[in-house]
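The structure displayed is predicted, hence computed values, not measured ones. Proteins come first, then strands; the chains are lettered A, B, ... in the order of their sequence lines, and each starts at number 1.
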Number of protein chains: 2
Amino acid sequence: MARSDTRFRAAYNQVLDYCEGHPKGAHIPSEARLCEIAGVSRTVIRRCLSRLEEAGIISWDGRDKRILRTPVAEDRIDQPETSGGAEDLEERFLDWVLRFDVPAGTTLSVAELSRTFSVPQHELKEFLAGLSRFGLVSRRPQGGWILLGFTKDFAVELSDFRSVLELHAVAQVAEAPVDHPVWSKLAELRDRHLDLKARIDSDYHAFSKLDESFHQAINSVVKNRFVAEFQKVISLIFHYHFMWDKTEEKTRNAAAIDEHLAIIDALEARDAHAAQEAARRHLRTSKTTLLSSLRHHDLG
Amino acid sequence: MARSDTRFRAAYNQVLDYCEGHPKGAHIPSEARLCEIAGVSRTVIRRCLSRLEEAGIISWDGRDKRILRTPVAEDRIDQPETSGGAEDLEERFLDWVLRFDVPAGTTLSVAELSRTFSVPQHELKEFLAGLSRFGLVSRRPQGGWILLGFTKDFAVELSDFRSVLELHAVAQVAEAPVDHPVWSKLAELRDRHLDLKARIDSDYHAFSKLDESFHQAINSVVKNRFVAEFQKVISLIFHYHFMWDKTEEKTRNAAAIDEHLAIIDALEARDAHAAQEAARRHLRTSKTTLLSSLRHHDLG
DNA sequence: GATACAGTTCTTAATTATAAAATGCACATC
DNA sequence: GATGTGCATTTTATAATTAAGAACTGTATC
């Protein structure tokens, strides 16, 4: 019914650390200084101090704070294990949607999602509110949320939008100065592509990661928070879709490697026009693949 | 401490409407049908029915529901005035930020914003979560939110991103079929531009609206939810910034009119390349204006 | 008298309890 | 067996609650 005292617990233990590091009888620094040490507000520090006084570890009378005894293991208060799940919630959510092939129009229950992802409800609400900006989900009039994404329209629009961003990125790369880190990165990527191409028959699964690295490298040239934010979502969606769609994966990946190499060739030749054309070709293939993977899902 | 009974109140009055539209003694349709009429769940409908029975307006025994008397004005329960503020929250928020020139780095208090905009706190939290996807705000480690936007970097990145989207849109327009509505829209816009140009000395303020219409028309050709979502934010920011920045407004707007006309000319001539160039020129001007308006704010 | 500190008070934000609404299932009726 | 109701469970929106933050005030110390 109230917020958790995680900060207090962490701060208390940190102050214990301080006490352990100093001799019995030593003076303890000012409240403000302890705040800096623990990275919390004075309110929390004062709560720590009164608890330490209660426990007989320190004496506290105004400015006069001294260590009475060295704290032992039992003095520590245990932290409630940090769920930590909230961090990659986006990744886990998209993974869940695509893995279980959750159809468009499904109502999403915050309570249920909260359990499956072990994330507090209000964090999930915020997350969904964020996704709604991307048109992936939207609010229902009766309350709750509904999954909109992963229809054909969505895939088409996503692909088109991706193309716009990526073609722009390619144009930027072509104009990048010779000492730009992207060039060494591209050289490295060329090697990795050629390497994988040689052993494509057995290792075609490894392409997914390579694909991500490649597009990441191209887009890293564009320093733009809006592009970056979108790119995160876009790459996740494409990445997972291609991972689950197993039809003709080997041929598909082999073809994609050649398309990537064509882009790298054109870029290294500083032929902006050819690079644009090669990228356009590759993006067209990606779009087709994404659409056909949707079709397969629909049937199954 | 519980959710509001707004839905019940609205549904109750709607059922009253139904009763008024039917004669005394008439049978009332099934609960499920009433749900459809009122757009609520059966729980709410059943609550309405028991209340109607209590009020002696209907008789209710299982399936047998009949109208006993025609409801009067006093039977209605009054709706708590729909705050309605939650709808254009985005517009009002950006307006507030730009009007009061809230500097980047300001901590945003949900409680305070909730009061100034008279919107429940949780809605504001969702709204801010959405904005964080656009990099306008972000969470603070100590809790709460911080306004990131409207630094020089932000303006540059926003302008660049806008350029990418808008140049794409222009390319689309150039390829639009002859019977596409955009052409008549552009013809109309040309007239409005010429009209305003003739009386620019006195009416230069009117340009802001015309500018919005023009860009809206261009972008309407791109049917893409991602573009649309961004365009909303982008146009709001540019719109407001230009509105508050009064330096050389007349000259600036006169120049912009000519730039717009150049774009229209090129498009109507179906000269895609010239249109791109004209648009590029215009976007460059806009970017400069946005940046200089920021500089003025910094000084004053 | 300036500064650093503690005491106090007020505000805000995260979290949970709770009523309202929605949903699901079993049974009844036509 | 299609349609409708009764009852129980689940879920959501919202306010109450408490931890944490922040500001203001008084006071000791140099």
Checklist entry - Quick one: is A/His122 getting a side-chain N or O under 4.0 Å of the C/dT15 phosphate, OP1 or OP2? => result yes

Checklist entry - When you match B/Arg3 and A/Gly62 each to their closest nucleotide on DNA chain C, which lands nearer the 5' end? => result A/Gly62

Checklist outcome for this item: Numerically ordered, the residues 23-39 of chain A set in heavy-atom contact under 4.0 Å with DNA chain C is A/Ser30, A/Glu31

Checklist entry - Contact class for B/Thr43 (heavy atom, under 4.0 Å): base, sugar-phosphate, or nothing? => result base

Checklist entry - Counting just side-chain N and O atoms, does B/Lys65 come under 4.0 Å of either OP1 or OP2 of D/dG4? => result no

Checklist entry - Atom CD1 of B/Ile77 to atom C1' of C/dA20: distance rounded to whole Å? => result 13 Å

Next on the checklist: Any base atoms under 4.0 Å from B/Arg9, or only sugar-phosphate, or nothing? Heavy atoms, all strands.
Outcome noted: nothing

Next on the checklist: Between A/Phe226 and B/Phe134 (judged by ring centroids, cut-off 6.0 Å), do the two rings come close enough to count as a pair?
Outcome noted: no

Protein and nucleotides 25-30 of chain C: nitrogen or oxygen contacts under 3.5 angstrom:
unit_1: C/dA28; atom_1: N3; unit_2: B/Arg63; atom_2: NH2; d: 3.2

Checklist outcome for this item: Comparing A/Trp60 with A/Gln121, nearest DNA chain C nucleotide closer to 5' gives the residue A/Trp60

Item to check | Test: A/Arg66 and A/Asp61 ion pair at under 4.0 Å | outcome: no

Checklist outcome for this item: A/Ile45 atom CD1 is separated from C/dC5 atom C1', nearest whole Å, by 14 Å

Checklist entry - Is the NZ or CZ atom of B/Arg51 positioned over B/Tyr12's six-membered ring, under 6.0 angstrom from the centre and within 45° of the axis? => result yes

Next on the checklist: Heavy atoms only, 4.0 Å cut-off, all strands: where does B/Leu108 land among base, sugar-phosphate and nothing?
Outcome noted: sugar-phosphate

Item to check | Distance in angstrom units between B/Leu124 CG and D/dT14 P, rounded | outcome: 13 Å

Review item, side-chain donor-acceptor pairs of residues 138-155 of chain B, under 3.5 Å, at least two apart:
unit_1: B/Arg139; atom_1: NE; unit_2: A/Glu126; atom_2: OE1; d: 3.3
unit_1: B/Arg139; atom_1: NH2; unit_2: A/Glu126; atom_2: OE1; d: 3.3
unit_1: B/Arg139; atom_1: NH2; unit_2: A/Glu126; atom_2: OE2; d: 2.9
unit_1: B/Arg140; atom_1: NE; unit_2: B/Gly143; atom_2: O; d: 3.2
unit_1: B/Arg140; atom_1: NH2; unit_2: B/Gly143; atom_2: O; d: 3.4
unit_1: B/Thr151; atom_1: OG1; unit_2: B/Phe154; atom_2: N; d: 3.1

Checklist entry - Within 45° of the six-membered ring axis of B/Phe117 and under 6.0 Å from that ring's centre, is NZ or CZ of B/Arg92 located there? => result no

Checklist entry - Which distance, rounded to the nearest 0.5 Å, do you find between the CD1 of A/Ile45 and the CZ of A/Arg33? => result 12.0 Å

Checklist entry - Has B/Glu20 got more than 12 heavy atoms of other residues, nucleotides or ligands less than 6.0 Å from its CD? => result yes

